[in-house]
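Notes for the one structure printed next.
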Amino acid sequence: MLEIQEVNAGYGRFHVLFDINTKMRDNDITVIVGPNGSGKSTLLKTIMGITQVYSGKILFNGTNILGLPPHLVTRLGIAYLPQVDNVFENLKVKENLLMAGYTLGKDEAKERAKEVLGDFPALNEYMDRMAGMLSGGERQMLAMAMAMMRRPKIMLFDEPTGSLSPKIAFEVLDKIVKLRDDYGVTLVLAEQNVRSALEQGDEAILLVSGKVMFKGNSQELLKHPELGQVYLGIKKT
Amino acid sequence: MDMIDPIVLSQAIIYSSLLTLLSIGLTLTYLTTKVPNFAHGSLAAVGAYVTLTAVKLWSGNPYHFLFLALIIGGLISLAQYIIIFRPLIRRGATVVALMITTLAIEFILLAVMNIYADYLTRQFKIRSRYFFLSPHDIDIAGQKGVLVISPTLAAVTVTLLYLVLNKTKFGVAMRAAIEDSSLASVVGINVNMVYAVSWFIAGGLGSISGALLPLWFPGNPDMGSGIIVSVFAASLVGGLGSIYGAVVGGYLIGLAEIFGTVGLSLELGSWVIPYRPLIPLIAIAVTLLLAPEGLMGVDWKGVTKVIWDKIMGLMHTRQKNRAH
């Protein structure tokens with residue numbers, strides 16, 4: 001379980017998150033939504049140790065991970081997939097996978113690569129291609145495969161369907177949900193495609209100007225008479 | 001056309017090979033930490049004085065002490081990164097602030113080298129200014145050792161770097177950290193460790209280069225300040241974004257400096273020799289104007305296509321004119 005307690009964070013003097021309190025339960029899909037600039041990405045980065053935290057605690061299975069450098073947070077079993085720049089464009093696909101398994105032994109890395117290529121078979125065709133040459137959907141698949149190389153307990157996705165066509169976005173989201181179903185990975189999604197993400201999610205957090213405005217069941221937020229319409233542009237059906 | 005003087009040719013080969021080693025190091029630290037290190041040249045002075053001390057106090061030829069020079073230069077460079085640059089980068093220091101810091105380090109290293117040179121002279125009666133290690137050089141196949149070892153060392157370094165960067169997990173991690181340090185850290189790479197290693201390698205290469213320089217060129221505490229413009233020119237001409245560019249730039253600038261100065265002094269007189277530093281400065285200016293990303297940043301396929309199209313166009317026009 002990931003628990004965020006009274007976290008205030010930002011970038012230098014630019015305070016972005018204010019007194020964030022929330023929990024992400026094991027095997028749940030938690031969807032973080034909110035208008036542009038509300039702090040969704042910053043919350044994920046804060047968990048990873050990329051931002052500056054002014055106060056608070058982040059407990060991962062009871063251990064405070066605040067202050068740990070990102071590579072150590074990763075080694076604890078938390079994977080983060082950034083919104084953009086989520087693969088090494090100047091490395092080949094196989095080198096990207098090698099880097100994703102950087103902390104693993106040689107044999108273990110080989111074994112994991114075989115496994116993830118089974119889940120993302122399309123990548124087999126591109127092993128010697130530079131990751132920068134892949135399409136948006138293929139890149140997202142590679143990013144997910146990279147994260148799965150480390151068999152994480154939690155995966156933090158920063159707008160995974162952001163720049164994809166609706167069809168590819170649906171496929172990617174479907175694949176993400178399968179990760180939870182097949183491997184029991186706890187998923188946290190910061191999403192712009194609010195409706196489809198909330199439909200797939202268990203829990204939802206609505207962030208507005210760096211503050212938690214709503215916390216609860218994602219279906220509840222989807223059907224909320226005001227919040228969805230005012231902050232997320234969800235039209236009543 | 002006159003034959004090239006073998007001494008000038010030797011000088012050009014040695015100088016450009018050692019310049020290449022220095023520019024690989026400068027490029028490596030710039031690529032990883034974005035620090036334009038003006039103190040990098042002084043590591044050459046460190047290497048020169050390590051070799052001078054070892055050769056005079058323990059005897060043997062300078063090549064016996066190359067590894068010692070690599071370790072000492074590497075450790076000084078590593079200390080710079082850990083003690084000074086890493087904390088500054090963490091605090092969000094700008095490139096300008098980092099550059100000014102490197103200038104400060106350059107002054108400190110220069111002062112230390114001067115003090116050390118005086119110490120060597122006073123304590124051990126060793127000539128420590130404008131010194132040469134050439135009397136301690138060895139012969140390899142009838143040639144001065146430095147003439148064979150300098151280009152060999154440059155070739156071995158480039159080959160090793162290529163193999164490490166492409167065939168080892170740590171090397172690929174280095175490329176990954178160079179491309180995107182943030183992503184590298186979230187996939188589990190200890191980026192600080194990668195940067196520390198690159199600073200060590202850079203310092204070691206600079207120091208080895210300096211250890212060999214006095215076998216042909218005079219060694220002095222300020223030899224680093226003297227060569228740093230050429231090192232920057234080599235890295236810029238090749239492209240600060242590419243280690244292989246540093247190799248191309250190192251040889252281009254090195255050869256241009258030696259042949260250019262000798263050629264111009266033969267044509268115009270020896271008064272041009274003190275103006276030798278103008279050659280790398282002109283190379284920097286021309287590169288920044290025409291190809292700011294250096295030779296490795298140029299789209300050579302595109303350039304070749306444009307030239308080819310122009311030639312074909314000209315030939316076509318000529319054929320048309322002849323037909324008329």
Side-chain angles (χ1 to χ4, degrees), chain A residues 11-14 41 44-45 47-52 68-92 94-106 109-110 130-132 139 142-143 145-152 155-156 158, chain B residues 27-28 30-34 81-82 86-94 97 161-198 239-245 293-294 296-297 299 301:
Chain A
Y11 306 94
R13 288 178 192 170
F14 187 49
S41 301
L44 299 188
K45 287 179 184 167
I47 297 168
M48 284 308 293
I50 300 173
T51 60
Q52 199 174 340
L68 287 182
H71 71 277
L72 292 184
V73 176
T74 301
R75 289 175 195 192
L76 286 175
I78 301 178
Y80 168 62
L81 286 88
Q83 181 181 0
V84 285
D85 300 330
N86 49 15
V87 297
F88 298 107
E89 290 188 353
N90 296 323
L91 300 189
K92 291 174 183 171
K94 64 179 178 191
E95 288 176 328
N96 270 279
L97 291 173
L98 177 74
M99 286 303 97
Y102 188 73
T103 51
L104 307 173
K106 203 177 172 185
K110 261 188 185 171
M130 289 293 176
R139 280 173 67 126
L142 174 59
M146 285 168 70
M148 285 307 290
M149 280 286 291
R150 298 183 295 278
R151 273 202 203 140
M155 283 173 89
L156 314 174
D158 194 354
Chain B
T27 305
L28 202 55
Y30 183 78
L31 271 175
T32 50
T33 44
K34 300 287 173 282
Y81 172 66
I82 291 175
R86 193 165 71 182
L88 282 176
I89 293 166
R90 270 191 193 156
R91 285 175 206 158
T94 60
L161 268 176
Y162 174 81
L163 291 175
V164 168
L165 289 173
N166 291 286
K167 305 288 177 197
T168 68
K169 195 157 110 172
F170 185 80
V172 180
M174 219 162 174
R175 283 163 55 210
I178 286 169
E179 184 185 327
D180 188 337
S181 59
S182 176
L183 181 61
S185 64
V186 298
V187 299
I189 297 169
N190 186 345
V191 175
N192 277 325
M193 170 70 87
V194 171
Y195 288 177
V197 170
S198 68
L240 264 174
S242 162
I243 289 172
Y244 308 116
E293 290 186 24
M296 298 308 260
D299 173 15
K301 266 189 188 169

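We name chains A, B, ... by the order of the sequence lines, and we start the count at 1 in each one. Note that the structure is a prediction, hence the values are computed from the model and not measured.
If you tally non-hydrogen atom pairs under 4.5 Å between each of A:N90, A:I78, A:T103 and chain B, the highest count goes to A:N90.
By the neighbour-count criterion of 12 heavy atoms within 6.0 Å, atom NZ of B:K34 is densely surrounded, having more than that number from other residues, nucleotides or ligands. Atom OH of A:Y11 sits in a crowded spot, with more than 12 heavy atoms from other residues, nucleotides or ligands closer than 6.0 Å.
Cation-pi check for B:K169 over A:Y102 is met; the charged atom lies under 6.0 angstrom from the ring centroid and within 45 degrees of its normal.
Here A:L91 contributes atom CG and A:L98 contributes atom CG; the two are 9.0 Å apart, rounded to the nearest 0.5 Å. The line from OH of A:Y80 to CG of A:L156 is 8.0 Å long, rounded to the nearest 0.5 Å. Going from atom NE2 of A:H71 over to atom CZ of A:R75 covers 5.0 Å, rounded to the nearest 0.5 Å. In this structure, CG in A:L142 is found 8.0 Å from CG in A:N86, a value given to the nearest 0.5 Å. A distance of 12.0 Å separates CG of B:N166 from CE of B:M174, quoted to the nearest 0.5 Å.
Residues of residues 179-188 of chain B that come within less than 4.5 angstrom of chain A, heavy atom to heavy atom, are B:E179, B:D180, B:S182, B:L183, B:A184, B:S185, B:V186, B:V187, B:G188 in numerical order. Along residues 189-197 of chain B, the residues that come nearer than 4.5 angstrom to chain A, judged on non-hydrogen atoms, are B:I189, B:N190 in order of number.
Within the 4.5 Å cutoff, side-chain heavy atoms of B:Y244 are placed close to those of B:L165. Side chains of A:E89 and A:R139 form a contact here, defined as non-hydrogen atoms less than 4.5 Å apart.
Residue contact with chain B, scored on non-hydrogen atoms closer than 4.5 Å, involves the side chain of A:I50 exclusively. Of the two parts of A:L104, only the backbone, made up of N, CA, C and O, holds a non-hydrogen atom closer than 4.5 Å to a non-hydrogen atom of chain B. For A:V73, no part lies under 4.5 angstrom from a heavy atom of chain B.
Results of the side chain to side chain contact (heavy atoms under 4.5 Å, CB included) test with A:F88 over A:M146, A:M130, A:E95 single out A:M146 as the only residue that passes.
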